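This structure is a prediction, so every number in the text was calculated from the model and none was measured. Residue indices begin at 1 and follow the sequence shown.
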Amino acid sequence: MKIKTTNDINSPIFKDALNIRLSVFVDEQGVPEELERDDFDVITDHLVGYQGDQPVTTIRIKAEADQWHIQRVATVKTARGHGYAKQLIEYSIQSAIAEPKIIKLVLGAQLTAIPFYEKLGFKVIGPEFLDAGILHREMELKVK
C-alpha cells in the first residue's frame, strides 16, 4: 500500500480522503454530512492509503501541543480486513516517534473499534461519550 499525505483541501488526495469518509461515515453509519465535514479539515493532515491507484483507507491527524489527535479513521467496505487502516496507524505512530515534541497519540474510538486500537498499543483512558450519535471512548498511545 502506498501512503500519500496532504494538508491542502483542494488536492486530489484530500478529495480521495473525503470520498472515503463520506462513504463510511455518512452513507454507512448515517452521520450527517454537516458533522462529517468540519472546520478542522483545513488545519489537519490527511493520509490516504492506496492499493494500486485505488484509495482504500484514510485518517486525519490534528496536531495539538505535545500530541497528535487521530481522527476520521475509515476504510472502504470492499477493502476491509486487509490491514490497510493498521498500516496507516502504524505509519502515524512511527512518524510521531520521529517528531521530538510529540509524546502521545490520542483518538476517540467507536466502541466496536476498541479491540483494533488495543492491538496497536492504545489504552482506553476515558468514559463512553456520544459523537455523531455513536458511542466512543477516548484512547491514547504514549510514544515517548
Side-chain angles (χ1 to χ4, degrees), residues 1-99 101-102 104-141 143:
M1 180 178 78
K2 181 173 177 128
I3 297 171
K4 297 181 183 180
T5 304
T6 189
N7 57 13
D8 176 3
I9 62 167
N10 296 307
S11 76
I13 298 165
F14 175 77
K15 287 178 181 27
D16 288 341
L18 185 59
N19 286 335
I20 293 170
R21 288 168 37 191
L22 293 174
S23 173
V24 172
F25 298 121
V26 176
D27 296 342
E28 288 182 42
Q29 297 184 351
V31 172
E33 187 172 342
E34 61 271 14
L35 292 180
E36 178 50 38
R37 299 184 74 164
D38 62 25
D39 294 339
F40 293 128
D41 278 334
V42 297
I43 61 166
T44 53
D45 290 322
H46 305 271
L47 285 70
V48 178
Y50 293 84
Q51 189 60 34
D53 292 336
Q54 291 298 115
V56 294
T57 190
T58 188
I59 66 172
R60 177 172 93 171
I61 299 176
K62 183 173 175 253
E64 300 172 339
D66 62 352
Q67 67 185 17
W68 284 349
H69 190 162
I70 294 177
Q71 304 170 322
R72 305 302 201 269
V73 179
T75 301
V76 296
K77 194 173 204 173
T78 57
R80 292 182 193 147
H82 297 283
Y84 299 134
K86 178 181 181 219
Q87 289 178 55
L88 269 187
I89 300 289
E90 288 172 338
Y91 175 87
S92 300
I93 292 168
Q94 292 307 310
S95 297
I97 290 168
E99 284 291 326
K101 295 187 302 186
I102 302 304
K104 66 182 173 179
L105 301 176
V106 297
L107 56 85
Q110 292 184 12
L111 297 188
T112 57
I114 288 173
F116 166 77
Y117 293 114
E118 286 176 331
K119 287 179 188 169
L120 291 164
F122 286 81
K123 306 278 187 238
V124 173
I125 59 166
E128 290 181 4
F129 65 93
L130 274 177
D131 185 8
I134 301 168
L135 283 172
H136 288 69
R137 290 191 74 185
E138 193 74 20
M139 300 184 79
E140 76 174 11
L141 173 67
V143 296

Asker: Angle between ring planes, His136 versus Phe129, binned at 30° and 60°: parallel, tilted or perpendicular?
Answerer: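 Aromatic pair His136/Phe129 classed parallel.
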Asker: Is it true that atom NZ of Lys86 has more than 12 heavy atoms of other residues, nucleotides or ligands lying nearer than 6.0 Å?
Answerer: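 Open.
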Asker: State the NZ-CG distance between Lys77 and Asp27, to the nearest 0.5 angstrom.
Answerer: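 Nearest 0.5 Å value for the NZ-CG distance: 10.5 Å.
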Asker: Write down the atom of Ser92, the atom of Ile70, and the distance for their closest heavy-atom approach.
Answerer: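 Result for this residue pair: CB-CD1, 4.5 Å.
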Asker: Might you point out which heavy atoms bring Thr57 and Ala74 nearest each other, and give the distance in Å?
Answerer: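 So the minimum-distance heavy-atom pair works out to OG1-O, 3.0 Å.
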Asker: Is there a side-chain contact between Asp16 and Tyr50 (heavy atoms, below 4.5 Å)?
Answerer: yes
Asker: Taking the side chain as C-beta and beyond, is there a heavy-atom pair between Ile20 and Arg72 under 4.5 Å?
Answerer: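 No; the side chains remain at least 4.5 Å from each other.
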Asker: Say you draw a straight line from CG of Leu105 to CE of Met139; how long is it, rounded to the nearest 0.5 Å?
Answerer: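 Reported to 0.5 Å precision, the distance equals 12.0 Å.
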Asker: Working to the nearest 0.5 angstrom, can you tell me the gap between Lys2 NZ and Gln54 CD?
Answerer: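 The NZ atom of Lys2 sits 15.0 Å away from the CD atom of Gln54.
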Asker: Write down the atom of Val48, the atom of Ile13, and the distance for their closest heavy-atom approach.
Answerer: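 Minimum heavy-atom contact is CG2-O, 3.5 Å.
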Asker: Is it true that the side chains of Gln29 and Gln110 contain a donor and an acceptor less than 3.5 Å apart?
Answerer: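 Yes, side-chain donor-acceptor contact under 3.5 Å.
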Asker: Please check: side-chain N/O of Arg137 versus main-chain N/O of Gly126, any donor-acceptor pairing under 3.5 Å?
Answerer: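 Pair found, side chain donor or acceptor close to backbone of Gly126.
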Asker: Got a second to check how far Leu88's CG is from Ile61's CD1, nearest 0.5 Å?
Answerer: 8.5 Å
Asker: From Trp68 CH2 over to Ile59 CD1, what is the distance, rounded to the nearest 0.5 angstrom?
Answerer: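 So the CH2 of Trp68 and the CD1 of Ile59 are separated by 9.5 Å.
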Asker: With a 4.5 Å limit on heavy-atom distance, are the side chains of Thr44 and His46 in contact?
Answerer: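 Yes. Closest side-chain heavy atoms under 4.5 Å.
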Asker: Would you say Thr6 and Asp45 make side-chain contact, with heavy atoms under 4.5 Å?
Answerer: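 The answer is no; the side chains never approach within 4.5 Å.
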Asker: State whether the number of non-hydrogen atoms from other residues, nucleotides or ligands found under 6.0 Å of Asp8 atom CG is greater than 12.
Answerer: yes
Asker: On a heavy-atom basis, which atom in Ala132 and which in Val31 lie closest, and how many Å separate them?
Answerer: CB-CG1, 3.8 Å
Asker: Quick one: closest heavy-atom pair of Phe25 and Val73, and the distance?
Answerer: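 Closest approach of Phe25 to Val73: CZ-O, 3.3 Å.
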Asker: How far does CD1 of Ile3 sit from OH of Tyr91, to the nearest 0.5 angstrom?
Answerer: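 Interatomic distance, Ile3 CD1 to Tyr91 OH, rounded to 0.5 Å: 6.0 Å.
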Asker: Testing the basics here: between Thr58 and Leu47, what is the closest heavy-atom pair and its distance to 0.1 Å?
Answerer: OG1-O, 2.8 Å
Asker: Are the side chains of Asn19 and Pro55 in touch, meaning some heavy atoms are under 4.5 Å apart?
Answerer: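 With C-beta onward as the side chain, the pair stays apart.
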Asker: Whether the Gln67 and Glu64 side chains hold a donor-acceptor pair (N or O, under 3.5 Å, no angle test) is what I'd like checked.
Answerer: yes
Asker: Could you tell me if the side chain of Leu120 sits less than 4.5 Å from the side chain of Leu141, heavy atoms only?
Answerer: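 No - every pair of side-chain heavy atoms lies 4.5 Å or more apart.
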Asker: Could you check if a side-chain atom of His82 sits within less than 4.5 angstrom of a side-chain atom of Met1, using non-hydrogen atoms only?
Answerer: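 With C-beta onward as the side chain, the pair stays apart.
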Asker: Report the C-alpha distance between Glu140 and Val106 in whole Å, list the side-chain angles of each, state the deciding distance to 0.1 Å, and finish with yes or no for side chain to side chain contact (heavy atoms under 4.5 Å, CB included).
Answerer: CA-CA 4 Å; Glu140 76 174 11; Val106 297; 3.9 Å; yes
Asker: Answer yes or no: is there a side-chain heavy-atom contact under 4.5 Å between Asp41 and Phe14?
Answerer: yes
